[in-house]
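See below for the structure under consideration.
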Amino acid sequence: MLPAPPPFSHGDFVAVLSRCATLAHLKQLHAHSVVTARASTQPTTFHLLRFASLRLSCLPYARRLFDSTPYPNVFLYSAMLSAYAAASPAQAYARDALALFLRMLRRVRSAPNQFVYPLVLRAACVVGVQLVKSIHSHAYKSGFHAHDVIRTSLLDGYSRYGMMLDARKLFDGLTDRNVVSWTALLSGYTRAGKVGDAIVLFERMPERDVAAWNAMIAGCTQNGLFLEALGICSRMVEEGFRPNGTTVACVLSACGHLGMLKIGKVIHGYAWRSYVGFGSSVVNGLIDMYGKCGTLKGARWMFDEFSDKSLTTWNCLINCLALHGHSKSAIAVFGEMRDAGIEPDEVTFVGLLNACTHGGFVDEGLTYFELMCDELGIEPEIEHYGCIIDLLGRAARFEDVMNVIKDMKVQPDEVIWGSLLNACRIHRQLELAEFAIRKLMQLNPNNVNYVVMLANLYSEGGSWEQVTKIRKLMQEDMGKKVPGCSWIEVDRKTHMFYSGDDTHPVSEDICNTLVELAASMEMCQD
DNA sequence: ATAGGGTTAG
């Protein structure tokens, strides 16, 4: 029999714990605590549990520590709940967290306190608004709803489900409004698409911190206001705040959407110099930015160098390859991803199906769609139907297209009919095109572009009677038409082009180059 | 010990 280990003060224990770097170290200390009978005290279990979950992200071990305690106190419950709350992805342990809360309510010794509600609400948020409501009423009955932190959690919960009136009510009822509550309300408005309200709120905020700036920047990019996002970021820097990884990720996304490679590179340089760290959201943002700006080598390089690849990392690369017509590479990366044991999600398939469309791989695309629905059990969304209709339409399989549209569980939207229309134009299907345009006009009667399309269609088809009829319609509407526009930055000068616009000084050269490009693209597909 | 900000999509 070995002699008992020497006694250990609580201070020694905490000091040793802080030097643990691996689960093996922690297990040794745990074993030592068992032998010295320290493990049966709740403060010890509390420290071991927090360390296992927050520093080592080993939740199963944390849960075993918790389960080894016969009558856990509130501290242990909340330590376990914050372990679940900190886990990523958020929904992974939400149900465990809620089950633990229910168990807590049945025990006499561990009535929830004010610290427990925010943790449980975080889990409730990702499960459903019904749970947020239940916990709200529970907090009301137990009298904890008066705490500002709990009200802020509730505010956040309602705002995630677009219930801005309830969120506003909670905000107005707070005794002290701080940056956190202002930011929670602001994000609610941007998630609901009310950027205008959010900007008003942002300007009126008495105090801002980095998270508040980030919320405003993210709110802009999520609503397509990319230039505004960049503007707010520079304002943030001017006012003396240091952008962090979250800021960088949002701003990179804006650069990608705008095709602003130069600014994107400046941000990359900032990330490097300022030690914001190359965490997954920054790296994913870089892959996306380089990819969208056409620097696929840069995107691929970032991808290969990054060891902590997540599902999103793979999705970014597949999507960028598909976007630029590198269909075979995109499909190959999808294969690599599966070999690496990463389970694709609905976003992966949007990119993959897009790749199949651009490469003309019709049957392959349909096979992947089946794989998604039947084998992986992913419910197709309107995005996927958009891809499939594009895929079939470009291959002139109009009967199949109509069957897909008929069998869809979701209502067809403008993109669906737009894809069909596009296919009809390629294959000169006048009748079906007219049908699609009429559907589009029903969905969006204010868009005069559809009338123009119809006119173009008839003039191409040669039915002069109809052209004159439509011309009349157009004359009434043309004044309202907003011309399509694109732009490119060359040597710090922005050149803008409207559709059908030949006023640029070198317009002829540009058009000739476009013809050449189209020819060489045909020659070297993928 | 508790609350707010994060990248990918037809």
Side-chain angles (χ1 to χ4, degrees), chain A residues 46 50 54 74-83 85 88 112-122 125 144 147-157 159-160 170 174 178-188 190-191 205 208-219 221-222 243-254 256 279-289 291-292 310-320 322-323 345-354 357 380-391 413-416 418-419 422:
Chain A
F46 174 81
R50 280 190 77 82
L54 301 181
V74 199
F75 278 78
L76 271 184
Y77 272 104
S78 39
M80 197 62 230
L81 286 170
S82 42
S88 117
N113 61 12
Q114 52 172 312
F115 299 104
V116 169
Y117 284 93
L119 293 167
V120 182
L121 277 164
R122 200 192 272 198
C125 277
F144 282 113
H147 287 272
D148 277 350
V149 174
I150 296 175
R151 283 192 181 168
T152 308
S153 297
L154 288 165
L155 185 169
D156 183 51
S159 86
R160 279 176 200 277
L170 280 156
L174 290 170
N178 60 15
V179 221
V180 180
S181 37
W182 279 88
T183 309
L185 188 65
L186 187 151
S187 313
T190 62
R191 267 192 296 262
M205 278 176 82
R208 298 186 196 106
D209 61 6
V210 178
W213 285 96
N214 288 344
M216 196 63 248
I217 294 169
T221 56
Q222 285 156 2
N244 61 15
T246 304
T247 327
V248 167
C250 295
V251 179
L252 282 172
S253 157
S280 69
S281 49
V282 170
V283 175
N284 296 340
L286 283 166
I287 294 171
D288 178 62
M289 186 278 294
K292 280 211 178 82
S310 70
L311 174 60
T312 306
T313 316
W314 290 90
N315 286 350
C316 286
L317 185 65
I318 292 174
N319 183 40
C320 289
L323 206 64
D345 71 350
E346 65 280 358
V347 180
T348 320
F349 281 98
V350 175
L352 188 67
L353 293 173
N354 216 348
T357 303
E381 292 164 34
I382 192 120
E383 282 88 351
H384 302 107
Y385 288 117
C387 295
I388 287 294
I389 285 158
D390 218 14
L391 187 75
D413 65 358
E414 282 190 74
V415 184
I416 298 286
S419 304
N422 192 37

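Note on A:Arg208: nothing from the nucleic acid sits closer than 4.0 angstrom, heavy atoms only. Among the protein residues, A:Ile389 comes within range of no part of the nucleic acid, since none of its heavy atoms lies under 4.0 Å from any strand. Within the 4.0 angstrom heavy-atom criterion, no nucleotide atom of any strand lies near A:Ile150. Residue contacts shown for A:Ser181 are absent, as no nucleic acid heavy atom lies under 4.0 Å away. Within 4.0 Å (heavy atoms only), A:Gln222 reaches sugar-phosphate atoms of the nucleic acid but no base atom. Using a 4.0 Å heavy-atom criterion, one finds that A:Arg151 contacts no nucleic acid atom at all. Among the protein residues, A:Val248 comes within range of no part of the nucleic acid, since none of its heavy atoms lies under 4.0 Å from any strand. Base engagement by A:Asp413 is indicated by at least one non-hydrogen atom pair under 4.0 Å involving a base atom. Among the heavy atoms of the strands lying under 4.0 Å from A:Ser78 is at least one base atom, whether or not backbone atoms are also near. A:Val283 comes within contact range of no nucleotide atom at all, as no heavy-atom separation falls under 4.0 Å. At a threshold of 4.0 angstrom between heavy atoms, the contacts of A:Ala212 include nucleobase atoms, whether or not backbone atoms are also involved.
Rounded to whole Å, atom P of B:dG4 lies 19 Å from atom CE of A:Met216. To the nearest angstrom, P of B:dT2 lies 9 Å from CZ of A:Phe46. In this structure, CG of A:Leu81 is placed 11 Å from C1' of B:dT2, rounded to the nearest angstrom. The separation between A:Trp314 atom CH2 and B:dA9 atom P is 18 Å, rounded to whole Å. One can place NE2 of A:His147 at 19 Å from C1' of B:dG4, the figure rounded to the nearest angstrom. As a whole-Å value, the separation of A:His384 NE2 from B:dG10 P is 10 Å. One atom, CG of A:Asp288, and another, P of B:dT7, lie 10 Å apart when rounded to the nearest Å. For A:Lys292 and B:dG10, the NZ to P distance is 8 Å, given to the nearest whole Å.
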Please set out all donor-acceptor pairs under 3.5 angstrom arising from side-chain atoms of residues 381-389 of chain A, sequence neighbours excluded.
residue, atom, partner, partner atom, Å
A:His384, ND1, A:Glu381, N, 3.0
A:His384, NE2, A:Glu346, O, 2.8

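The A:Leu119 side chain lies nearest to B:dT2 when the options are B:dG4, B:dT2, B:dT8. Nearest nucleotide to the side chain of A:Asn315, out of B:dT8, B:dT2, B:dG5: B:dT8. Distances were taken from every side-chain heavy atom of A:Ala249 (C-beta onward) to each of B:dT7, B:dA1, B:dG10; the shortest belongs to B:dT7. Distances were taken from every side-chain heavy atom of A:Arg191 (C-beta onward) to each of B:dG5, B:dA3, B:dT8; the shortest belongs to B:dG5.
No hydrogens or angles were tested; on distance alone, nothing pairs the side chain of A:Asp209 with the base of B:dG5 as donor and acceptor under 3.5 Å. Counting atom types as modelled, A:Asn214 pairs no side-chain N or O with a base atom of B:dG4 as donor and acceptor under 3.5 Å. Under 3.5 Å, the side chain of A:Asn178 and the base of B:dA3 form at least one donor-acceptor pair of N or O atoms.
A distance-only check finds a donor-acceptor pair linking the side chain of A:Ser153 to the backbone of A:Val149 [under 3.5 Å].
For the atom pair A:Thr183 OG1 and A:Trp213 CH2, the distance stands at 12.0 Å (nearest 0.5 Å). Note that the CH2 atom of A:Trp182 and the CG atom of A:Leu155 stand 11.5 Å from one another [nearest 0.5 Å].
Judged as a salt bridge (Lys or Arg N to Asp or Glu O under 4.0 Å), and not counting sequence neighbours, the contacts of A:Arg160 are A:Asp156.
Shown here for A:Ala254 and A:Thr221, the closest heavy-atom pair between the two residues is CB-CG2, 3.8 Å.
Under the stacking criterion of a centre-to-centre distance below 5.5 angstrom and an interplanar angle below 30°, A:Phe75 sits stacked against the six-membered ring of B:dA1.
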